[in-house]
Amino acid sequence: MHILAIVNGKGGVGKTTTSINLAAIFGQTRRVLLVDTDPQRSSHWWVKRSELDIGFDLVVMTDGGKLQELTQRDEYDLLVIDTPPNLGSHTLATVIQMSHYLLLPTPPAPMDLAALIETVKSSVLPAGVAHRVLLTRVDPRSLGEALEAQNTLLSVGIPACHAFVRAYKAHERAALEGKSILQWRGKNAKEAESDYRRVAEEIERDWQRR
């Protein structure tokens with residue numbers, strides 16, 4: 001079993017959107033369990049709105065002490081963990097320690113980037129877990145900001161995904177309908193899907209190199 005955690009100490013950065021859509025993409029080739037550890041239960045709210053098979057199973061588990069039990073479940077190949085936006089959380093600390101790979105979503109704005117860098121330095125680097133930052137909510141009309149943010153991260157020794165996720169209303173509409181971006185149909189659906197597929201492909205390459 002592989003364990004992928006979606007982590008950031010700040011809320012509103014796209015953790016749940018990333019968790020849902022990567023779980024759906026990986027669910028096309030793996031048996032995936034999405035674990036919602038956020039007390040707000042955003043992933044649970046999203047999936048419960050669905051009238052379709054979203055492509056993976058979901059469990060809510062906000063008790064960090066019970067998370068290790070999930071690693072004994074042999075009916076899944078991959079755990080994707082949606083985490084709480086609280087660096088002081090015992091649950092988040094447990095998730096980081098038990099994970100094989102951390103993906104850290106953040107918008108490219110300087111204040112968001114500064115908070116993310118602090119998260120990496122205080123919580124991720126000491127754990128020694130493989131990780132990458134994923135730039136989210138990138139303005140499609142201003143891609144230069146994303147490239148500048150990627151360069152900033154690389155300059156301080158933090159690996160960033162080459163792929164990034166552009167800001168489209170498609171993500172919000174998919175959430176309201178309880179669908180992954182693979183299932184939603186509407187304006188910019190294909191562009192939004194392709195962004196997350198590139199992210200998944202990049203993570204796959206990292207796993208194959210390990």
Side-chain angles (χ1 to χ4, degrees), residues 2-28 30 32-38 40-47 50 54-56 58 78-86 92 95-96 99-109 112-113 115-116 119-120 123-124 129-140 146 149-150 153 158-176 178-184 188-189 191-207:
H2 212 85
I3 303 174
L4 164 66
I6 315 301
V7 175
N8 193 320
K10 189 174 184 295
V13 298
K15 285 197 302 294
T16 297
T17 300
T18 297
S19 299
I20 292 284
N21 289 317
L22 288 182
I25 290 170
F26 286 127
Q28 293 183 312
R30 291 177 169 86
V32 176
L33 177 64
L34 175 59
V35 186
D36 188 350
T37 65
D38 188 345
Q40 296 180 12
R41 299 188 173 198
S42 299
S43 286
H44 178 264
W45 173 87
W46 187 323
V47 171
S50 181
I54 202 163
F56 54 85
L58 178 134
L78 173 65
L79 297 185
V80 177
I81 307 180
D82 187 9
T83 61
N86 179 358
L92 181 55
V95 168
I96 290 173
S99 295
H100 301 116
Y101 193 99
L102 306 177
L103 189 67
L104 299 107
T106 182
D112 291 306
L113 212 57
L116 185 282
T119 296
V120 173
S123 301
V124 176
V129 183
H131 59 279
R132 279 190 191 272
V133 172
L134 170 64
L135 296 176
T136 56
R137 302 190 174 181
V138 173
D139 186 342
Q150 287 173 332
L153 290 164
I158 296 175
C161 292
H162 298 290
F164 49 77
V165 177
R166 291 168 288 182
Y168 290 122
K169 286 289 184 184
H171 293 300
E172 298 172 22
R173 299 291 175 80
L176 288 172
K179 297 176 179 178
S180 76
I181 201 62
L182 278 63
Q183 299 169 318
W184 193 76
N188 298 126
E191 290 89 343
E193 177 183 341
S194 68
D195 285 353
Y196 271 113
R197 285 201 179 278
R198 282 192 289 268
V199 175
E201 289 165 3
E202 196 163 349
I203 293 171
E204 287 272 19
R205 288 194 294 270
D206 278 353
W207 289 345

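Positions are given from 1 along the sequence.
A donor-acceptor pair is defined here as one N or O able to donate and one able to accept, closer than 3.5 Å; no such pair exists between the side chain of Arg137 and the backbone of Ala109. Side chain of Thr83 to main chain of Ile6: a donor-acceptor pair is present (N/O by atom type, distance under 3.5 Å, no hydrogens or angles).
With rounding to the nearest 0.5 angstrom, the CG atom of Leu116 is 6.5 Å from the CG atom of Leu153. Put simply, CD on Glu193 and CG on Asn188 are 12.5 Å apart, with the number rounded to the nearest 0.5 Å. Distance check, rounded to the nearest 0.5 Å: NE2 of His100 to CG of Leu4 gives 11.0 Å. Remark: Ser99 OG to Ile81 CD1 distance equals 4.5 Å, nearest 0.5 Å. Atom CD of Gln183 sits about 10.0 Å away from atom CD1 of Ile181, to the nearest 0.5 Å. Between Ile20 atom CD1 and Ile25 atom CD1 the span is 12.0 Å, to the nearest 0.5 Å.
For the pair Val13/Pro107, a side-chain contact is recorded, criterion being any heavy-atom separation below 4.5 Å from C-beta on. Considering only heavy atoms from C-beta on, Glu202 stays 4.5 Å or farther from Leu134 through its side chain. In this structure, the side chains of Arg132 and Ile203 stay at 4.5 Å or more apart for every pair of heavy atoms. Annotation: side chain of Tyr168 is in contact with side chain of Asp195 (closest heavy-atom distance under 4.5 Å). Between Leu103 and Cys161 the shortest side-chain heavy-atom distance falls below 4.5 Å. At a threshold of 4.5 Å between non-hydrogen side-chain atoms, the residues Lys15 and Pro84 do not count as touching. With contacts defined as side-chain heavy-atom distances shorter than 4.5 Å, the pair Val95/Val35 does not qualify. Looking at Trp46 and Leu58, their side chains never come closer than 4.5 Å, going by heavy atoms from C-beta outward.
Two rings, from Trp184 and Tyr196, have their centers 6.0 Å or more apart.
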Practice problem: Before giving the answer on side-chain contact (heavy atoms from CB on, under 4.5 Å), spell out for Asp38 and Ser43 the whole-Å C-alpha distance, their side-chain angles and the decisive distance to 0.1 Å. | Solution: CA-CA 8 Å; Asp38 188 345; Ser43 286; over 6 Å; no
Practice problem: Could you walk me through whether Thr136 and Thr17 pass side-chain contact (heavy atoms from CB on, under 4.5 Å), step by step? | Solution: CA-CA 10 Å; Thr136 56; Thr17 300; over 6 Å; no
Quiz item: For His131 and Val7, what are the C-alpha separation, side-chain angles and deciding distance, and is it a side-chain contact (heavy atoms from CB on, under 4.5 Å)?
Solution: CA-CA 10 Å; His131 59 279; Val7 175; over 6 Å; no
Self-check item: From CA spacing to verdict: side-chain contact (heavy atoms from CB on, under 4.5 Å), Val47, Phe56
Solution: CA-CA 10 Å; Val47 171; Phe56 54 85; 4.0 Å; yes
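The two residues Ser42 and Asp36 have their closest heavy-atom pair at N-OD2, 3.5 Å. Contact record, Gly11 with Pro85: N-CB, 3.6 Å, taken as the closest heavy-atom pair. Shortest non-hydrogen contact noted between Gly178 and Ser50 is O-CB, 2.8 Å. When all heavy atoms of Ser19 and Val80 are compared, the pair lying nearest together is O-CG1, 4.0 Å.
A side-chain hydrogen bond (donor to acceptor under 3.5 Å, both in side chains) with Asp82 is found for exactly one of Thr37, Thr18, Thr16, namely Thr16.
When the shell of 6.0 Å around CD of Gln40 is examined, it contains 12 or fewer heavy atoms from other residues, nucleotides or ligands. Within a 6.0 Å sphere centred on CZ of Arg197, other residues, nucleotides and ligands contribute more than 12 heavy atoms.
The aromatic rings of Trp207 and Tyr101 sit perpendicular, their planes meeting at an angle over 60°, well past the 30° parallel limit.
Looking at Arg198 and Glu201, no side-chain N of the basic residue comes within less than 4.0 Å of a carboxylate O on the acidic one, giving no salt bridge.
Asp112 meets the side-chain hydrogen bond (donor to acceptor under 3.5 Å, both in side chains) test with Lys10; sequence neighbours excluded.
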